[in-house]
Amino acid sequence: MATEIPSNPSRGWRSAGTSVPDYLDWTRDLKGAELSASVGAGFNLAGGDRPERVTAARVTPSFFRVFGVRPASGRTFLEEEGTQGRTGSAVLSDAFWRRRFAADPGVIGQKLLLDGASYTVVGIMPPDFKMPSSETDVWIPLAFDGTELRANRNLDVIGRVKPNVWISGAENELKSVAARLAKTYAEDQGVSARMIRLDREIYDDDF
């Protein structure tokens, strides 16, 4: 497993996020790894006994597949739920499910009001899954509308190298894609990319 971090070699390898257009180009052209993207978010949860501020992660439908994790109950996101107008599903963390819903298995199918928007609970993750943050309460689908700017690097990208592919080979392929983008788009000039093993990047007690 590896995470791809766009960097500017002329200033040293400075970690940055990834833009939506770059992520989509990487996803289309990178054959040696499957990619996923996430971005953090916070929402006001209404309803129930009390309002609550929850920590959320917007993730592409490939996110849980890249980690190779199955829900403890229900399901994760369908591919079509990663498109505009189809993002009204939510997956709960085990800790949030227990804290907010007293571990009620009947929560599947219930509605959540997050900043006034309605989401249907479709799954609950196992207690040891805490990505991209141990603070994540809720995952909701991340969708793109085609208006995202290449200079806006707000995505975290994580990928799983495919079977029989070396990380070095996938990284060389990624660098080749990044080099082509740097020649094509002014926003990517001077920007390259590299892969870092996830356990070396964020290894801690939660990993």
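The first residue of the sequence shown is numbered 1, and numbering continues consecutively from there.
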Steps toward side-chain contact (heavy atoms from CB on, under 4.5 Å) verdict (W166, E171): CA-CA 9 Å; W166 291 95; E171 181 175 45; over 6 Å; no
Treating D22 as the side-chain partner and T18 as the backbone partner, does any N or O pair qualify as donor plus acceptor under 3.5 Å? no
So CZ of F64 and CZ of F129: to nearest 0.5 Å the spacing works out to 5.5 Å
Quick check on the hydrophobic clustering: are L142 and L35 connected, directly or via other members, by side-chain heavy-atom contacts under 4.5 Å? yes
Do L181 and W26 pass the side-chain contact (heavy atoms from CB on, under 4.5 Å) test, and can you show the C-alpha distance, the side-chain angles, and the key distance before you say yes or no? CA-CA 10 Å; L181 296 178; W26 292 358; 3.8 Å; yes
For a quick test of reading the model, state the closest non-hydrogen atom pair linking R153 to G17 and the distance between them. CB-O, 3.3 Å
Taking the side chain as everything from C-beta on, heavy atoms only, tell me whether T60 gets closer than 4.5 Å to F144. yes
Would you say T136's side chain and K130's backbone share a donor-acceptor pair under 3.5 angstrom? no
Rounded to the nearest 0.5 Å, how far apart are CD of E34 and NZ of K162? 7.0 Å
Should D25 and R150 count as an ion pair when the cut-off is N to O under 4.0 Å? yes
Can you see which heavy atom on T120 is nearest to which on G109, and at what distance? CG2-O, 3.8 Å
Heavy-atom side-chain contact between Y185 and P21 under 4.5 Å: no
E52 side chain vs N44 backbone, donor-acceptor pair below 3.5 Å: no
Minimum heavy-atom separation for R160 and V66, please, with both atom names. NE-O, 2.6 Å
Mind checking the OG-CG spacing from S19 to D188? Nearest 0.5 Å is all I need. 6.0 Å
Euclidean distance, D137 CG relative to D94 CG, rounded to 0.5 Å: 11.5 Å
Do the non-hydrogen side-chain atoms of S38 and L155 ever get within less than 4.5 Å of each other? no
Distance check, rounded to the nearest 0.5 Å: L114 atom CG versus L112 atom CG? 5.5 Å
Would a single hydrophobic cluster contain both Y119 and V54, if residues Ile, Leu, Val, Met, Phe, Trp and Tyr are joined by side-chain heavy-atom contacts under 4.5 Å? yes
A side-chain contact here means heavy atoms from C-beta on lying under 4.5 Å apart; do S93 and M125 qualify? no
Joint hydrophobic cluster, V91 plus V107, side-chain heavy atoms closer than 4.5 Å: no
Side chains of I158 and F67 in contact at under 4.5 Å (non-hydrogen atoms): yes
Could you check whether R180 pairs with D29 (Lys NZ or Arg NE/NH1/NH2 to Asp/Glu carboxylate O, under 4.0 Å)? yes
Can you spot which of V138, T55, I140 makes a side chain to side chain contact (heavy atoms under 4.5 Å, CB included) with F43? I140
Tell me whether N164 at atom CG has more than 12 heavy atoms from other residues, nucleotides or ligands lying less than 6.0 Å away. no
Step-by-step side-chain contact (heavy atoms from CB on, under 4.5 Å) determination, D104 to Q110: CA-CA 11 Å; D104 178 9; Q110 291 187 21; 4.1 Å; yes
State whether the side chain of W139 and the backbone N or O of A56 hold a donor-acceptor pair below 3.5 Å, judged by distance alone. no
Is R53 close to L45 at the side-chain level, that is, under 4.5 Å between some pair of heavy atoms? no
How many angstroms lie between atom CZ of R65 and atom CZ of R70, to the nearest 0.5 angstrom? 11.5 Å
Does the side chain of K111 come under 3.5 Å of the side chain of S118 through a donor N or O and an acceptor N or O? no
For the pair V39 and D156, evaluate side-chain contact (heavy atoms from CB on, under 4.5 Å) and give the outcome as yes or no after the intermediate values. CA-CA 6 Å; V39 61; D156 291 322; over 6 Å; no
Residue pair L149 / E187, side-chain heavy-atom distance below 4.5 Å: no
Would you say E148's side chain and V20's backbone share a donor-acceptor pair under 3.5 angstrom? no
Do the side chains of L113 and V121 join up, straight or via other hydrophobic residues, at under 4.5 Å, putting them in one cluster? no
Looking only at heavy atoms, what is the nearest atom pair of S89 and E81, with distance? OG-OE2, 2.6 Å
Taking atom CD of E135 as the centre, does the number of heavy atoms from other residues, nucleotides or ligands within less than 6.0 Å exceed 12? no
Minimal non-hydrogen separation, L174 against L30, with atom names: N-CD1, 3.7 Å
I want to check something: taking the side chain as every heavy atom from C-beta on, are V122 and I108 in contact at a cut-off of under 4.5 Å? no
Distance-minimising heavy-atom pair for S36 and Y23: CA-OH, 3.5 Å
